[in-house]
Amino acid sequence: MDTDFTILAIETSCDETAAAVIRGGRTIISNVVASQIDEHRRYGGIVPEVASRQHILTINAVLHDALRPLPGGWNDIHAVAATYGPGLAGALMTGLNVAKAIAWIRELPFIGVNHIEAHIYANWLLTDAQPDAPEPQFPVVALVVSGGHTLLALLEGHGRYRMLGQTRDDAAGEAFDKVARLLGLGFPGGPAIQKAAENAPGGVTLPRAWLRDSYDFSFSGLKTAVLHQIREYRAREAALQPGAGKGAGKRGAPATTDATPLPPAIVARLARAFQESVVDVLVTKTVEAARAFGATEVLLAGGVAANLRLREELHRRSPVPVRVPPIALCTDNAAMIGAAAFYRFDAGKQDGWDLDVQPNLPLQAG
Ligand code: KG4
Ligand code: ZN
């Protein structure tokens, strides 16, 4: 297809309001992301209603910024794309309807994009650091790890996926966020745990859910294991308090409660043990899949791909080259939506005005 083909892409599936202009599927003309993280931080997590309202308030300014580098403005756009799932229904609705409205008014093709597929396509985007990077060659194995998803997929061609495994409970990013909360670290939890784990002493090993003979993942048991470690620590501390064992409990609150901050050394040690466990399972299964399916490359995708230990271990243990987008393209953005849209359109696919949001859209061929 024409390498000048220019797509305006919109992403509003969660807490980022984003728009980008992508040329030829790989060149980023603009990539604007307005994060709502400060709006959600005070609640300790993402509040869907707040997200929906923020998207409506922000989308026009974000679009304006995304179009700014185009000499011909709207006239330089050849197609419009938006995420239609998976994600928060109310949040998805804003981006999808804005994209449909623009495409309809300007009589342009409209392309609906699967958000998980788009995370994988972030690996097709060219960056300043590697402006001549060749396209990934199929078959590739992709590990998608984000706040909402954890899955391993085999890509045999554009739009041809085979799901190898996925999480049976929490997504990897969700586990990072929940464990960060248990440890009294901030939101979002991934970066907070990574930071706390830096230079932390070893000494604690947490379990790994291998789920033998399966590429599936499970992280909820690990979260419970962290909780047990915290409870054991608090029980030990309580037993060391003066008066412990002499009916101390009857005199009121125990000396350390769940509200008492944990000492930084304990937080660091548990953060490290948790991170090592998650990384070990993710890397082991990805490397096994790459071998089993003869992948030419491993592609990393999603917000947790920002994790430095994950990158390091995957590079160290993978039998084939590992491709990881720069951090700004790992977390939610619209550039990846534009890349995925290009290859979808190139394969002769586009969508009608009846395309609705699909909050639980799986990764599937089509
Ligand atoms: O892909 P993303 O931006 O949004 C979703 O579609 O979910 O991923 C966000 C997730 C959050 O759970 C966040 O804690 C996690 O990515 N994350 C990290 C790191 N940076 C972000 N997890 C581990 N280590 C990091 N450095
Ligand atoms: Zn995402």
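Computed over heavy atoms, backbone and side chain alike; hydrogens, waters and symmetry mates excluded.
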Next on the checklist: Would a single hydrophobic cluster contain both Leu355 and Val113, if residues Ile, Leu, Val, Met, Phe, Trp and Tyr are joined by side-chain heavy-atom contacts under 4.5 Å?
Outcome noted: no
Checklist entry - At their closest point, which heavy atom of Gly186 faces which heavy atom of Ala180, and how far apart are they? => result O-CB, 3.9 Å
Item to check | Distance-minimising heavy-atom pair for Pro359 and Ala89 | outcome: CG-CB, 3.7 Å
Checklist outcome for this item: Residues Ala66 and Ser30: closest non-hydrogen pair is O-OG, 2.6 Å
Next on the checklist: With a 4.5 Å cut-off on side-chain heavy-atom distances among I, L, V, M, F, W and Y, is there a chain of contacts connecting Leu92 to Leu8?
Outcome noted: no
Checklist entry - So do Leu155 and Tyr161 actually touch side chain to side chain, heavy atoms under 4.5 Å? => result yes
Checklist entry - Is the count of non-hydrogen atoms from other residues, nucleotides or ligands lying under 6.0 Å from Gln130 atom CD greater than 12? => result no
Item to check | side chain to side chain contact (heavy atoms under 4.5 Å, CB included) assessment of Val140 paired with Arg323 | outcome: CA-CA 10 Å; Val140 292; Arg323 208 185 277 238; over 6 Å; no
Checklist entry - Do Ile102 and Leu63 have side chains that get closer than 4.5 Å, going by heavy atoms? => result yes
Checklist entry - Would Leu164 and Val145 show up in the same hydrophobic cluster when neighbours are defined by side-chain heavy atoms closer than 4.5 Å? => result yes
Checklist entry - Roughly how far, to the nearest 0.5 Å, is CE of Met336 from OG1 of Thr331? => result 8.5 Å
Checklist entry - How far does CZ of Phe217 sit from CG of Leu222, to the nearest 0.5 angstrom? => result 13.5 Å
Item to check | Sub-4.5 Å side-chain heavy-atom contact between Leu206 and Gln229 | outcome: yes
Checklist entry - Between Lys100 and Asp351, is there a salt bridge with N-O shorter than 4.0 Å? => result no
Checklist entry - Taking the side chain from Asp216 and the backbone from Thr167, do they hold a donor-acceptor pair closer than 3.5 Å? => result no
Checklist entry - Does Ile22 share a hydrophobic cluster with Tyr121, counting links as ILVMFWY side-chain heavy atoms below 4.5 Å and allowing steps through other members? => result no
Checklist entry - Does Thr6 use its side chain to pair, donor to acceptor, with the backbone of Asp4 at less than 3.5 Å? => result yes
Item to check | Donor-acceptor under 3.5 Å (Asn360 side chain, Pro86 main chain) | outcome: no
Checklist entry - Can a donor-acceptor pair be found between the side chains of Thr284 and Arg317 at a distance below 3.5 Å? => result yes
Checklist entry - What is the ring orientation for Tyr215 with Phe293, classed by angle as parallel under 30°, tilted 30 to 60°, or perpendicular over 60°? => result tilted
Next on the checklist: Keeping Arg344 on the side-chain end and Asn114 on the backbone end, is there a donor-acceptor pair under 3.5 Å?
Outcome noted: no
Checklist entry - Does the pair Leu183 and Ile266 meet the rule for a side chain to side chain contact (heavy atoms under 4.5 Å, CB included), with working shown? => result CA-CA 9 Å; Leu183 295 175; Ile266 302 286; over 6 Å; no
Item to check | Backbone N/O of Ala172 and side chain of Thr150: donor-acceptor pair under 3.5 Å | outcome: yes
Checklist entry - Does Thr296 use its side chain to pair, donor to acceptor, with the backbone of Gln137 at less than 3.5 Å? => result yes
Next on the checklist: Rounded to the nearest 0.5 Å, what separates atom CD1 in Ile337 from atom CD1 in Ile10?
Outcome noted: 10.5 Å
Checklist outcome for this item: dist Trp210:CH2 -> Asp280:CG (nearest 0.5 Å) comes out at 4.0 Å
Next on the checklist: Tell me if a side-chain donor or acceptor on Arg269 pairs with a main-chain N or O of Gly202 at a distance below 3.5 Å.
Outcome noted: yes
Item to check | Heavy-atom pair of closest approach, residues Ala79 and Ile111 | outcome: CB-CD1, 4.0 Å
Next on the checklist: Under a 4.0 Å threshold between the charged nitrogen and the carboxylate oxygen, would Glu312 count as salt-bridged to Arg316?
Outcome noted: no
Item to check | Residue His64 excluded, over 12 heavy atoms near NE2 under 6.0 Å | outcome: no
Checklist entry - Does a side-chain heavy-atom distance below 4.5 Å link Pro139 with Leu154? => result yes
Checklist entry - So if you build clusters from Ile, Leu, Val, Met, Phe, Trp, Tyr with side-chain heavy-atom gaps below 4.5 Å, do Ile327 and Val144 land together? => result no
Item to check | Closest heavy-atom pair and its distance - Pro109, Ala103 | outcome: O-CB, 4.2 Å
Checklist entry - Excluding sequence neighbours, so at least two apart, what forms side chain to side chain donor-acceptor pair (under 3.5 Å) with Asp65? => result Arg68
Item to check | Leu310 side chain reached by Val283 side chain, heavy atoms, under 4.5 Å | outcome: yes
Item to check | Spacing of Leu143 atom CG and Leu299 atom CG [to the nearest 0.5 Å] | outcome: 10.0 Å
Item to check | Contact summary for Val298 and Ala290, nearest pair of heavy atoms | outcome: CG2-CB, 3.8 Å
Item to check | Between His115 and Ser13, a side-chain donor and acceptor under 3.5 Å | outcome: yes
Next on the checklist: Are Asp332 and His119 packed together at the side-chain level, in the sense that at least one heavy-atom pair is separated by less than 4.5 angstrom?
Outcome noted: yes
Checklist entry - Between Phe219 and Phe176, is a ring-ring contact (aromatic ring centres under 6.0 Å, His included) present by the stated rule, with each step listed? => result CA-CA 9 Å; Phe219 297 109; Phe176 269 95; 8.6 Å; no
Next on the checklist: Between Glu276 and Arg272 (salt bridge meaning N to carboxylate O under 4.0 Å), is one present in this structure?
Outcome noted: no
Checklist entry - How long is the span from the CG atom in Asn333 to the CD atom in Glu11, to the nearest 0.5 Å? => result 7.5 Å
Checklist entry - Is the number of heavy atoms from other residues, nucleotides or ligands within 6.0 Å of CZ (Arg181) greater than 12? => result no
Next on the checklist: Before you tell me yes or no, could you show the steps for Val278 and Val304 under side chain to side chain contact (heavy atoms under 4.5 Å, CB included), namely the whole-Å CA-CA distance, both residues' side-chain angles and the distance that decides it to 0.1 Å?
Outcome noted: CA-CA 11 Å; Val278 173; Val304 182; 5.7 Å; no
Checklist entry - Testing Phe110, Phe345, Phe5, Phe342 for ring-ring contact (aromatic ring centres under 6.0 Å, His included) with His78, which one passes? => result Phe5
Checklist entry - Checking Lys285 side chain against Ser214 main chain: does a donor-acceptor pair fall under 3.5 Å? => result yes
Item to check | Val279 side chain near Gln275 side chain, heavy-atom distance below 4.5 Å | outcome: yes
Checklist entry - Going by atom types alone, do Ser220 and Asp170 pair a side-chain donor with an acceptor below 3.5 Å? => result no
Next on the checklist: Are His315 and Val324 packed together at the side-chain level, in the sense that at least one heavy-atom pair is separated by less than 4.5 angstrom?
Outcome noted: yes
Item to check | Worked check of side chain to side chain contact (heavy atoms under 4.5 Å, CB included) between Leu67 and Ile77 | outcome: CA-CA 9 Å; Leu67 285 162; Ile77 301 291; 3.9 Å; yes
Item to check | N/O donor-acceptor pair under 3.5 Å between Asp177 side chain and Pro188 backbone | outcome: no
Check residues 191-200 and write down every donor-acceptor pair under 3.5 Å in which the side-chain atom is one partner and the other belongs to a residue at least two apart or another chain.
residue: Gln194; atom: OE1; partner: Asn307; partner atom: ND2; Å: 3.3
residue: Gln194; atom: OE1; partner: Leu308; partner atom: N; Å: 3.0

Checklist entry - Would a distance-only check, ignoring hydrogens and angles, find a side-chain to backbone donor-acceptor pair under 3.5 Å from Arg26 to Thr3? => result no
Next on the checklist: Counting neighbours of CH2 on Trp104 that are heavy atoms of other residues, nucleotides or ligands and sit closer than 6.0 Å, is the number greater than 12?
Outcome noted: no
Checklist entry - By the rule that ILVMFWY residues connect when side-chain heavy atoms come within less than 4.5 angstrom, directly or transitively, which residues belong alongside Leu240? => result none
